[in-house]
Amino acid sequence: MLQVSVLKNNPEWVKERLSVKNFKQLELVDKIIALDNERKSIQLGFDTAQSGINAISKEIGLLMTTGNVAEAAEAKAQVAAFKVQAAEFSEKIVSVEKQLHEALVQLPNLPAKEVPLGKTPEENVVVREGGQIPNLYEKAQEHWFLLDKYKLANFELGNKITGAGFPVYTGQGAKLQRSLVQYFLDFNVKAGYFEYLPPFMVNEQSAFATGQLPDKEGQMYHVTEDKLYLIPTAEVPVTNVYRDTILKEDELPVKMTAYSPCFRREAGSYGKDVRGLNRVHQFEKVEIIQLVHPEKSYQVLDEMVAHVEALLNSLELPYRILRLCGGDMGFTSAITYDFEVYSAAQKRWLEVSSVSNFENYQTNRMKCRFKDSNGKMVLAHSLNGSSLALPRIVACLLENNQTAEGIILPKSLQSYFGAEGIF
RNA sequence: GGAUAGAUGGCAGAGUGGUCGAAUGCGGUAGUCUCGAAAACUAUUGACUGUAACAAGUCCGGGGGUUCGAAUCCCUCUCUCUCCGCCA
């Protein structure tokens with residue numbers, strides 16, 4: 001959530017930034033400023049009335065102890081007028097604060113200055129490519145055929161047990177999932193990330209803190225009986241480790257990693273996008289998260305991009321890194337780099353990671369702060385990225401490495417998988 | 001699920017209607033001492049709104065109530081402990 005002070009200091013600049021994100025309701029900015037001014041003046045009225053009540057009450061205390069009952073009774077009558085005022089102000093303040101909050105959460109994060117203009121994915125900017133797109137042999141197939149051929153995953157079984165988009169991994173397919181999770185976690189821990197295994201359901205407060213609520217309510221599975229949400233990413237529970245926390249400056253940066261299944265309703269998806277493992281409702285993912293000093297967050301962003309890039313290189317997959325344009329970015333992000341790998345049989349790029357700097361948008365909601373050297377409270381910056389999401393990595397590994405003999409896994413994975421490949 | 005006790009500052013822990021934003025201890029920070037450190041001693045040390053800075057106001061798990069006045073009394077919700085039941 002944006003800080004009201006930012007809007008007040010430079011409303012025109014805020015509107016300009018919001019329009020880069022293709023955000024239309026710019027009038028909200030002025031509305032919020034007006035509401036905040038109103039809030040302040042009502043608060044002042046309330047404080048004044050309350051101050052009167054406090055002062056007289058103190059006097060009554062003294063009068064009572066000295067046995068001056070008549071004067072005490074008189075003083076009590078004086079309080080009544082203040083109480084009426086205070087009650088009126090406090091009623092107004094509740095309503096104004098509610099309006100202010102509701103307006104404020106509708107504003108997305110402001111895009112960083114490096115964010116390219118644009119409205120659609122086509123306008124994202126390729127910043128780097130790596131790896132080699134392989135020449136597949138004649139009989140190469142898309143991964144959904146390979147999953148079936150080697151009995152790695154069973155979609156129909158998932159259909160029966162749960163529903164569409166819930167594949168059941170079997171045999172070597174299940175083992176490949178397990179190996180990848182293990183490999184990714186080890187890779188992250190080696191780079192200094194502290195491992196968590198978080199709950200896979202979160203409460204409303206946690207979902208709000210990272211920005212899933214109220215913006216993405218429809219994308220999450222909701223356990224209504226207990227008011228819990230199935231996590232769409234480990235980002236939600238793990239970032240919330242530091243909700244309502246005041247860190248010491250020397251505790252930064254906080255580096256965390258976690259494996260979790262991710263649950264996404266993916267309402268409105270269809271067609272070739274959802275074939276095979278391209279888009280599913282439950283998938284495995286390993287996430288990296290950092291809480292850092294505001295001055296360092298862009299440097300850390302580059303480090304995280306380099307980290308994910310190194311991981312993809314170790315998997316020997318062809319990839320490209322995109323800087324997302326304003327219109328294609330997430331609600332809470334200030335800047336996002338997407339990683340895509342090339343799925344050689346489908347002949348298309350698939351997103352496997354998204355690395356973002358949220359600046360203080362999440363930490364402001366979470367109240368995650370630290371005291372700087374001057375003793376001033378400062379909001380930390382939060383960043384996160386996938387490292388990595390499994391299904392599309394699996395799709396690429398299968399498609400790109402298929403041979404007449406079988407699927408040859410990259411060297412880095414072989415010891416985790418316990419074999420050179422799938423035959 | 002049933003019964004009981006409880007929830008106070010970074011932590012431990014006092015406080016049962018007024019002078020309590022809250023004793024005390026630990027921890028933190030600064031200083032004295034020291035070549036340096038430890039110990040000891042001294043001072044300081046919660047957050048939020050607000051202000052140019054003061055002032056003022058709010059916060060003792062959350063919400064509501066009683067009262068001139070609530071950490072303290074009442075209602076309610078949430079969570080935790082212990083015991084019982086069930087159970088991977």
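Every chain is numbered from 1 and lettered A, B, ... according to where its sequence line falls, protein lines coming before strand lines.
- Consecutive pairing runs in RNA chain B reach the stem threshold at B:1-3 with B:82-84, B:5-7 with B:78-80, B:10-12 with B:24-26, B:27-32 with B:40-45, B:46-49 with B:56-59, B:61-65 with B:73-77, where a stem means at least three Watson-Crick or G-U wobble pairs with distances under 3.5 Å.
- Here the P atom of nucleotide B/U19 and the CD atom of A/E59 are 14 Å apart, to the nearest Å.
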Listed pairs under 3.5 Å, donor-acceptor, residues 280-287 of chain A side chains, sequence neighbours left out:
| residue | atom | partner | partner atom | Å |
| --- | --- | --- | --- | --- |
| A/H281 | ND1 | A/Y221 | OH | 3.4 |
| A/H281 | ND1 | A/R264 | O | 2.7 |
| A/H281 | ND1 | A/R265 | O | 3.1 |
| A/E284 | OE1 | A/Y259 | OH | 2.5 |
| A/K285 | NZ | A/T233 | OG1 | 2.9 |
| A/K285 | NZ | A/E287 | OE1 | 2.6 |

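- In this structure A/N240 satisfies the side chain to side chain donor-acceptor pair (under 3.5 Å) test together with A/R243, sequence neighbours excluded.
- Between the P atoms of B/A12 and B/G2, the separation comes to 29 Å (whole Å).
- What separates CD of A/Q205 from C1' of B/G62 is a distance of 10 Å, to the nearest Å.
- Between A/F89 and A/S41 there is no side-chain heavy-atom pair separated by less than 4.5 Å.
- For residues 77-92 of chain A, no pair satisfies side-chain hydrogen bond (donor to acceptor under 3.5 Å, both in side chains), with sequence neighbours left out.
- Under the ring-ring contact (aromatic ring centres under 6.0 Å, His included) criterion, A/Y196 pairs with A/F194, not counting sequence neighbours.
- Remark: the separation of the C1' atoms in B/C79 and B/G61 is 8 Å, to the nearest Å.
- When the P atom is compared between B/A37 and B/U32, the two are found 11 Å apart, to the nearest whole Å.
- Rounded to a whole angstrom, the distance from the P atom of B/C26 to that of B/U78 is 40 Å.
- Taking atom P on both nucleotides, B/A55 is separated from B/G46 by 14 Å, rounded to a whole Å.
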Close N or O pairs between protein and nucleotides 67-69 of chain B (under 3.5 Å):
| residue | atom | partner | partner atom | Å |
| --- | --- | --- | --- | --- |
| B/C68 | O2' | A/S57 | OG | 2.9 |
| B/G69 | OP1 | A/K83 | NZ | 2.7 |
| B/G69 | O4' | A/S57 | OG | 3.3 |

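- We find that A/D30 and A/K15 are joined by a salt bridge, their nearest charged nitrogen and carboxylate oxygen being less than 4.0 Å apart.
- Across B/G18 and B/U24, the matching C1' atoms stand 23 Å from one another, rounded to whole Å.
- Listed by chain and number, the residues in a ring-ring contact (aromatic ring centres under 6.0 Å, His included) with A/F187 are A/H307 (sequence neighbours excluded).
- Straight-line distance between the C1' atoms of B/G6 and B/C60: roughly 15 Å, to the nearest whole Å.
- When the ring-ring contact (aromatic ring centres under 6.0 Å, His included) test is applied to A/F331, no partner is found at least two apart in sequence or on another chain.
- For the C1' atoms, the distance from B/A71 to B/A22 is 8 Å, rounded to whole Å.
- Among residue pairs with one or both ends in residues 376-390 of chain A, those qualifying as side-chain hydrogen bond (donor to acceptor under 3.5 Å, both in side chains) are A/N188-A/S387, A/E235-A/N384, A/S297-A/H381, A/Q362-A/S382; sequence neighbours excluded.
- Pairs of residues two or more places apart, or lying in two chains, never qualify as side-chain hydrogen bond (donor to acceptor under 3.5 Å, both in side chains) while including a residue from residues 147-162 of chain A.
- Counting only residues at least two apart or on different chains, the side-chain hydrogen bond (donor to acceptor under 3.5 Å, both in side chains) pairs with a member in residues 408-420 of chain A are A/D186-A/Y416.
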Report all interatomic pairs (protein N or O, nucleotide N or O of nucleotides 45-52 of chain B) with separations under 3.5 Å.
| residue | atom | partner | partner atom | Å |
| --- | --- | --- | --- | --- |
| B/A47 | OP1 | A/K371 | NZ | 2.8 |
| B/A47 | O3' | A/R369 | NH1 | 3.4 |
| B/C48 | OP1 | A/R369 | NH1 | 2.8 |
| B/U49 | O3' | A/R39 | NH2 | 2.7 |
| B/U49 | O2' | A/R39 | NH2 | 3.3 |
| B/G50 | OP1 | A/R39 | NH2 | 3.2 |
| B/U51 | OP2 | A/K40 | NZ | 3.4 |

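- In this structure, A/Q50 places its CD atom 13 Å from P of B/A56, rounding to the nearest Å.
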